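Contents: one structure, followed by commentary.
Chain identifiers are assigned alphabetically (A, B, ...) following the order of the sequence lines, protein sequences preceding nucleic acid strands; residue numbering begins at 1 within each chain. For clarity, every value in this text was computed on a predicted model and none was experimentally measured. Only this structure's heavy atoms are used, side chains among them; waters, hydrogens and symmetry mates stay out.
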There are 2 protein chains.
Amino acid sequence: MGRSPDSRPDRSDESGRDRPRATGAVRLSDVAAAAGVASMTVSRALNQPELVSERTRERVQRAVIETGYVPNRVAGALASSRSRMVAVLVPTVAHSLFADVVQSITDALSVNGYQVLLGLTGYQTQDEATVVETVLSRRPDAVVVAGTRHSQATRARLKAARVPVVEIWDMSDDPLDMLIGFSHHAVGRAVADYLLGCGYRRFGQAMADDPRSHERAEGFNDRIMEAQQARPHDGIDVITRWAEIPATLVGGRTAAAAVLLDMPDCEAIVCSSDTLAMGVIAEAQSRAMVVPQTLAVMGFGDMSFAAATWPALSTVRIDGAEIGRLTATHLLNRFDGGEPDSDSDIIDIGFEIVPRQTTLSGAS
Amino acid sequence: MGRSPDSRPDRSDESGRDRPRATGAVRLSDVAAAAGVASMTVSRALNQPELVSERTRERVQRAVIETGYVPNRVAGALASSRSRMVAVLVPTVAHSLFADVVQSITDALSVNGYQVLLGLTGYQTQDEATVVETVLSRRPDAVVVAGTRHSQATRARLKAARVPVVEIWDMSDDPLDMLIGFSHHAVGRAVADYLLGCGYRRFGQAMADDPRSHERAEGFNDRIMEAQQARPHDGIDVITRWAEIPATLVGGRTAAAAVLLDMPDCEAIVCSSDTLAMGVIAEAQSRAMVVPQTLAVMGFGDMSFAAATWPALSTVRIDGAEIGRLTATHLLNRFDGGEPDSDSDIIDIGFEIVPRQTTLSGAS
DNA sequence: CAAAATGATGTTAGCGCTATCATTGCGCGA
DNA sequence: TCGCGCAATGATAGCGCTAACATCATTTTG
């Protein structure tokens, strides 16, 4: 045959490489030449060392150092259809709750040689669809995505990708695959329960206008309505005002002002984040309202500053790092051949009400 | 020839694909078959649409939708040696300063089709070397790395990678390539200057034990020593105590306690982060010391809570988002063929002292 | 002691895309 | 009318690696 099927000779004997250097980088075959073995043997020595004799392994290791070889995992991923990348899609990392999750996923996965491809979806559903398509084009071995409310297109794409998917930071009856989060609705109910228990009756909500805050607000309102029906003459009531995202102190002040305008006798304001809560406190102080005696404030997130402010902020704690750890564990299990199992693949990690000084915990 | 050199037929006419589906995913050639054109034409229609006639472009677009094609950029990256990924290496994202930078780099790059590969280096130099090697194996088109103090191995690897490198969050006389940051030493001096101007004489430092905090402490001490020499009888003095990383409130309290043990008449404590500063304030309040009358406190970072605490925290503001934006702009310029230019490729974005209520700004 | 099993290494054939060059068709000026 | 330039498209040959199978030398086994 004039043209041998081996159109790309890969002489691995000492006579050396002969394909002209295409990219300037050291390739597997260069290491192979230096070690006097075949490329495949180098590949094995690096990726499945147990299959290679000790003598060869050492020679290869020496050759790797000598040549300064850095594997090209792009090529490796293409050849093996395993990219060893996990896409993590969150609305933002400039928000310590999601940042904690990203941090702990990254930490846990990196130990096992996986890397994180970061996708920031913003708070708009249509952005999510674009980001999902973009990250899927990298053929990640798994996708972690915040939230359970996705567009039909997003769901279809994620399913078509045929990779493990973990939805986090939320609960749902109908997860795509794995689900590790908590119920925002339950948070709202629990907060209402707690504040009713403290004896408050007239509530404002200062909530960021994102889907998960909506759900917490809904849970809160549900519980309040139950209380209204149980005790119709107690004057229990709630109004909700929405703040722009991202949540800022100023947004909190504005929302608090709106609440106090429409409900001047409001006793407690519930916020969708600790940051908004700080703004609410600032607004209260600027009106010479005393927190919590005149106005109670409840945050969400238990960010690092919540315990340190004065008065210390009552809030709801979510263990984001735990979500990240569990996510990593479950993914590694799947990569390791573990089968989907709807029992253990849906985890509600719950939450914790943290009463501090911005709410009066007097018995009702 | 029995074996045509085209060992992988890619019939693009309507008769259809014939390589058996290897991975189950839709390939470029499937789209080509559906559109009745060659693979290459589809590739062009997607990546360089201006080279394709409008009629063809539309047919391809229809075929893409019809087949549900998601490009495989792993293959694309291998073929073109351009991955359209930028590696971003920071110590942590669970810290709003770095999170802001990551957020703004990601935002700015994603508009141009680039994605961020996240590498968390921790605060240890040896970890950095490993992370650098790992991310370089993905052949990113650029590397963004926090800090300028790298091991020799790291520097060598980054240089060998022959990609643009941006060092951020720091200043140096000897950058690897581009540099966008500020001088920690100058921050330390400026803080000392400011506090001396406020009339304080006896200083403690509660600093996290990381390289950049060390540099700020050094700058602070340098300025203090100058003041001592200028006014030897004023009793100007400073002691420094180190807190563990990550910086926490408790770390701040502990460091403050250590300072106050060794220098009971300390007038002002300078911290390497706002979080530590909150801890210092907490410790002061627990000792019934009044901030700022008995003890002044200075933070670093101007995190979201700094303005909202009581008393509001005096601190140093760094515009992390601006670092991210500039980084993205400079990288995109390079990708676009821009040449290195040592004048514009080294940017000191400076910082800002933000006096609030934890320091007495009385004239000295 | 032949046959089968095992361990170590090598060979081949792609993974799905794009750089590059080749080909085709068409308009246009001399 | 002929060729030239240009625009549009196609064919070919890899990018650097690994899955899968092939080979060969030992070792084990009945």
Within this structure, what is the [atom1]-to-[atom2] distance between [X] and [N], rounded to whole angstrom?
X      : N       : atom1 : atom2 : value
R55(A) : dG7(C)  : CZ    : C1'   : 15 Å
E50(A) : dA8(C)  : CD    : P     : 11 Å
D30(A) : dG16(D) : CG    : P     : 9 Å
L46(B) : dC17(C) : CG    : P     : 10 Å
R44(B) : dA7(D)  : CZ    : P     : 14 Å

Output yes when at least one side-chain N/O atom of T56(B) is less than 4.0 Å from OP1 or OP2 of dT9(D), else no.
-> yes
For T41(B) and dT9(D), is the shortest distance between a side-chain N/O and OP1 or OP2 below 4.0 Å?
-> no
Under the salt bridge (Lys or Arg N to Asp or Glu O under 4.0 Å) test, which residues partner [X], sequence neighbours left out?
X       : result
R82(A)  : none
R84(A)  : none
R334(B) : D177(B), D345(B)
D170(B) : R212(B)

Members of residues 132-142 of chain A that approach DNA chain D, where some heavy atom sits under 4.0 Å away | none
Nearest-nucleotide comparison on DNA chain D, the residue closer to the 5′ end among S43(A) and R57(B) | R57(B)
Taking for each residue the nucleotide of DNA chain D with the nearest heavy atom, is it Y69(A) or L51(B) whose nucleotide lies nearer the 5' end?
-> L51(B)
Contacts to DNA chain C from residues 71-85 of chain A, heavy-atom cutoff under 4.0 Å, which residues?
-> L78(A), A79(A)
Check every atom of [options] against the side chain of [X] and return the nucleotide holding the closest atom.
X      : options                   : answer
Q48(B) : dG10(D), dA19(C), dC17(D) : dA19(C)
S53(A) : dT9(D), dG10(C), dA8(C)   : dA8(C)
M40(A) : dA8(C), dA11(D), dT11(C)  : dT11(C)

Which residue pairs satisfy the side chain to side chain donor-acceptor pair (under 3.5 Å) criterion with at least one member in residues 60-75 of chain B, sequence neighbours excluded?
-> S137(A)-R73(B)
Qualifying side chain to side chain donor-acceptor pair (under 3.5 Å) pairs, either residue in residues 155-166 of chain B, two or more places apart | E133(B)-R157(B), R155(B)-D174(B)
Check whether any side-chain heavy atom of V144(A) sits under 4.5 Å from a side-chain heavy atom of L331(A), and report yes or no.
-> yes
With distance as the sole criterion, is a donor-acceptor pair present between the side chains of S151(B) and E128(B) under 3.5 Å?
-> no
Could you tell me which residues satisfy side-chain hydrogen bond (donor to acceptor under 3.5 Å, both in side chains) with E167(A), sequence neighbours excluded, listed by chain and number?
-> H150(A)
